[in-house]
Amino acid sequence: MWRLESVHERSEAEYLDQAIERIEGDPLLREQADALLHGASAQEPMITQLLDTPQDIRFHAEGPIVKDHLRLMLTGLYALAEGKLHLIDIEEFRRLKGFEGEIDELEEIIKENVGLFEVFTLVHDVAKYSTITFSAPEGSRGADLGFNSPQSHHFDEAAHERAALRGQYQDLFKEFSAMHSTASDREIQVQFSLTYGIQIHYPHHGRKIHAPMYEDLLDRFCEAHQLPSRDRDLLDDLIAHHMEFNTDFGREKVSSMRRYMHLAKKRGYDADDFIDLMQGCLFLDAVIGSKRLAPHGYWHDPTPLEKCLRSEHDWAPERRMERAKMNESKESRERNKAFQGAGLDGLSLMDLLGMDAGKEFGISLRRIQAAILGKGEMPRFEKKIDQEISVRAGEYYKQVFQKGE
């Protein structure tokens, strides 16, 4: 995914935390996210269980249960899809000089694959319910209550023990919430964590997607979203490795990018497509959907995506120029096709202007096309010609805007 310049008309920048706070406060986005979660839960008992699964405030301070994480991911997805959020208008990403085009292209990839990212959101953490384990520091109230899962509880044979401790945690949290009924869910999550010190883990939950019951669930969601088999295969790997995306790009490692390029090649995917989608998953899951808590308040960490973009470039910098040239050539062909369709190509304008081929006409042609692209002033001719150029320019804009440009 390499494009050198941003095509999005920039607005005033806002910091990531401000942007997420703004879209979180949008009732229409929240309703849209809740509608998908409710519908999925009504159809699939595993989603009902997932939504009520406890989560750890150290990594997920957006709320006490996984539903809060998924809702925030979907809110970000729909904000991008509806143009209520633009990545290049986020200050932390705007500072990545030289990456403007790639950031715009990531936004386009997300918009073009809303169904795929909806399914990723619904299914990527589905095994958290069955894999959940607990730990608590020695001397904490959580440790005194037995919230320290032994290593043996990490294996499938201990499903009953994990379920029992999960139920005890949920009962304890429910009782604590009833005692703090006037507080918000986030406030309760903070106070509960401070009171009991319980930490939550989901060993290898991403890789559990390969279990038959989760594979079947993924099949059903892909069918419901009318995703092609290619997207189904991609989702299998995107979900299986999503925790590794988060940890690998928590640091800037070129070798991590090599690993995912190799995975794509091994699976028969287009490597650029796989990396594009991986970055979309990383953005929605680790950047948008994961709220952190610090002494100064809640915040979101943009660095996993930033380091992923840098790692992609550092792994093979020559690919950036190759892709940029390919994109530029493709855009030029599409632009010329639109000029021809609107009667703004060389032959059509030669007839309209009554000019012969030559240096003078070449200058007029370049000035007209540059003005239509917003890169200069429109030259003036006689009134009828000016009016006709204006009509043809309108036809050109109609064509390119219909294609989403």
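All values derive from a computational prediction rather than experimental measurement. These values consider heavy atoms only, across backbone and side chains, with no hydrogens, waters or symmetry-generated copies.
- Between atom CG of residue D52 and atom CZ of residue R166 there is a gap of 10.0 Å, rounded to the nearest 0.5 Å.
- Without hydrogens or angle criteria, Q369 side chain to L344 main chain gives a donor-acceptor distance under 3.5 Å.
- In this model, no donor atom of one side chain and acceptor atom of the other lie less than 3.5 Å apart for E102 and Q279.
- Remark: R141 engages no residue in a salt bridge (Lys or Arg N to Asp or Glu O under 4.0 Å) (not counting sequence neighbours).
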Practice task
Give the C-alpha distance, both sets of side-chain angles, the deciding distance and a yes or no for ring-ring contact (aromatic ring centres under 6.0 Å, His included) between F99 and F93.
Solution key: CA-CA 8 Å; F99 288 85; F93 299 143; over 10 Å; no

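- Comment: R230 does not engage D270 in a salt bridge, judged by the lack of any side-chain N to carboxylate O separation of less than 4.0 angstrom.
- Under the ring pair (Phe, Tyr, Trp, His ring centres under 6.0 Å) criterion, the residue pairs touching residues 28-68 are H60-H69, with sequence neighbours excluded.
- For E187, the salt bridge (Lys or Arg N to Asp or Glu O under 4.0 Å) criterion is met by no residue, not counting sequence neighbours.
- Between D125 and K128 there is a salt bridge, with a side-chain nitrogen of the basic residue lying less than 4.0 Å from a carboxylate oxygen of the acidic one.
- With hydrogens and angles ignored, the 3.5 Å screen pairs a side-chain donor or acceptor of N148 with a backbone N or O of A136.
- A side-chain donor-acceptor contact under 3.5 Å links T121 to the backbone of F117.
- A heavy-atom distance below 4.5 Å is found between the side chains of L218 and V119.
- Every residue meeting the ring pair (Phe, Tyr, Trp, His ring centres under 6.0 Å) condition with F192, not counting sequence neighbours, appears here in chain and number order: Y169, F173, F176, Y196.
- More than 12 non-hydrogen atoms from other residues, nucleotides or ligands lie less than 6.0 angstrom from CD of Q168.
- Atom CD1 of I368 sits about 12.0 Å away from atom CD1 of I363, to the nearest 0.5 Å.
- In summary, R392 and E388 engage in a salt bridge, as defined by a charged side-chain N under 4.0 Å from a carboxylate O.
- With hydrogens and angles left out, the side-chain atoms of S311 and Y260 include no donor and acceptor closer than 3.5 Å.
- Taken to the nearest 0.5 Å, the CZ atom of F249 stands 10.5 Å off from the CD atom of E244.
- In this structure, R186 satisfies the cation-pi test against Y298, with its NZ or CZ atom closer than 6.0 Å to the six-membered ring centre and inside 45 degrees of the ring normal.
- Side chain of S193 to main chain of V190: no donor-acceptor pair is present (N/O by atom type, distance under 3.5 Å, no hydrogens or angles).
- Annotation for D26 and L28: closest pair OD1-N, 2.9 Å, computed over non-hydrogen atoms.
- Between the CD1 atom in I110 and the OH atom in Y78 there is a gap of 13.5 Å [rounded to 0.5 Å].
- In this structure, I200 and R58 approach most closely via the heavy-atom pair O-NH2, 3.8 Å.
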Problem - Check against salt bridge (charged side-chain N to carboxylate O under 4.0 Å, His left out), R232 and D237 - result: CA-CA 9 Å; R232 164 63 179 80; D237 281 312; over 6 Å; no

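- The salt bridge (Lys or Arg N to Asp or Glu O under 4.0 Å) test with E24 is passed by exactly one of R71, K84, K291: K291.
- Between the T48 side chain and the S41 main chain, a donor and an acceptor come within less than 3.5 Å of each other.
- Take E21 and apply the salt bridge (Lys or Arg N to Asp or Glu O under 4.0 Å) test, not counting sequence neighbours, and it matches no residue.
- The aromatic rings of H124 and H242 sit perpendicular, their planes meeting at an angle over 60°, well past the 30° parallel limit.
- Here the side chains of V66 and L51 are not in contact, with every heavy-atom distance at 4.5 Å or above.
- Side-chain N/O atoms of Q55 and E62 include a donor and acceptor closer than 3.5 Å.
- N113 places a side-chain N or O within donor-acceptor distance of the main-chain N or O of I109, the cut-off being under 3.5 Å.
- In summary, the side chains of H204 and T131 do not present any donor paired with an acceptor at a separation below 3.5 Å, with no hydrogens or angles considered.
- For Y269, the ring pair (Phe, Tyr, Trp, His ring centres under 6.0 Å) criterion is met by F274, not counting sequence neighbours.
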Problem - Check against salt bridge (charged side-chain N to carboxylate O under 4.0 Å, His left out), D216 and R220 - result: CA-CA 6 Å; D216 291 345; R220 291 194 293 275; 5.1 Å; no

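- Side-chain contact between D89 and E12 is absent, with no heavy atoms from C-beta onward closer than 4.5 Å.
- Salt-bridge annotation for E306 and R310: absent, with no side-chain N of the basic residue lying under 4.0 Å from a carboxylate O of the acidic one.
- Within the model, atoms CG of L29 and CD1 of I23 stand 6.5 Å from one another, a figure rounded to the nearest 0.5 Å.
- Here NE2 of H241 is found 11.5 Å from CD1 of I239. Values are rounded to the nearest 0.5 Å.
- A salt bridge is defined here as a Lys NZ or Arg NE, NH1 or NH2 lying under 4.0 Å from an Asp or Glu carboxylate O, and R267 with D233 fails to meet this definition.
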